[in-house]
Amino acid sequence: MKTHRFVVVLTLLNLALLIFTLAQLHPVLAQGTAPVLRGRALESVDEEGRVRASINVYPASVRKTGEASAESVLLRLITERGRPSVKISASEQSAGLALVGPTGTKDTYVQLGAWGTASSLRLKNEDGGERVVKP
């Protein structure tokens, strides 16, 4: 009988301890939300660690041809095979959008761009067909 009484008392003590512990728990809350995420680049990766999307800010530079390149921002959306299929770029002098064909193609794309006061739309197929539309 003493063993039974001991087990009951121990069970009640454990239950009281559990209730006390649960009463002390408070939900974990974030310390605060940063109003802005700042950086020079951002990459989104898939489960295998491959970059699938990126946003980069490139500084002004001089190309190998000697042509000056303005500071620009570039957004890339990348296929699972690593091909940047969507590119959107912007700088003070120009802005553009490029949509390219699937992996294995090199001349299938759509380009929409504005450079200074001029703009154009270029459509090109893998078979060599090309059309450029300018206002």
Inset, instruction - Locate the shortest heavy-atom distance separating P84 from V100; write the atom from each residue and the value. - result: O-CG2, 3.2 Å
Inset, instruction - Heavy atoms only: give me the nearest S91-E71 pair and the separation to one decimal. - result: CB-O, 3.2 Å
Inset, instruction - Report the distance from atom CG of L121 to atom CG of L123, rounding to the nearest 0.5 Å. - result: 4.5 Å
Inset, instruction - Mind checking the CD1-CG spacing from I88 to L112? Nearest 0.5 Å is all I need. - result: 10.0 Å
Inset, instruction - Indicate whether any N or O donor in one side chain lies under 3.5 Å from an N or O acceptor in the other, for S54 and E43. - result: no
Inset, instruction - Answer yes if the side chains of D107 and Y109 hold a donor-acceptor pair under 3.5 Å, and no otherwise. - result: no
Legend entry - ILVMFWY clustering at 4.5 Å (side-chain atoms), partners of L13: none
Legend entry - Single-linkage hydrophobic cluster, 4.5 Å side-chain cutoff, V86 and V57 together: yes
Legend entry - For E92, all residues meeting salt bridge (Lys or Arg N to Asp or Glu O under 4.0 Å), sequence neighbours excluded: none
Side-chain contact, heavy-atom cut-off 4.5 Å: [X] with [Y]?
{"X": "S61", "Y": "S69", "answer": "yes"}
{"X": "R83", "Y": "I78", "answer": "no"}
{"X": "R131", "Y": "R122", "answer": "no"}
{"X": "L12", "Y": "L10", "answer": "no"}

Legend entry - Cationic N near anionic O, under 4.0 Å, R50 to E80: no
Inset, instruction - Evaluate side-chain contact (heavy atoms from CB on, under 4.5 Å) for N56 paired with Y58, printing each intermediate quantity in order. - result: CA-CA 6 Å; N56 294 326; Y58 295 100; 2.9 Å; yes
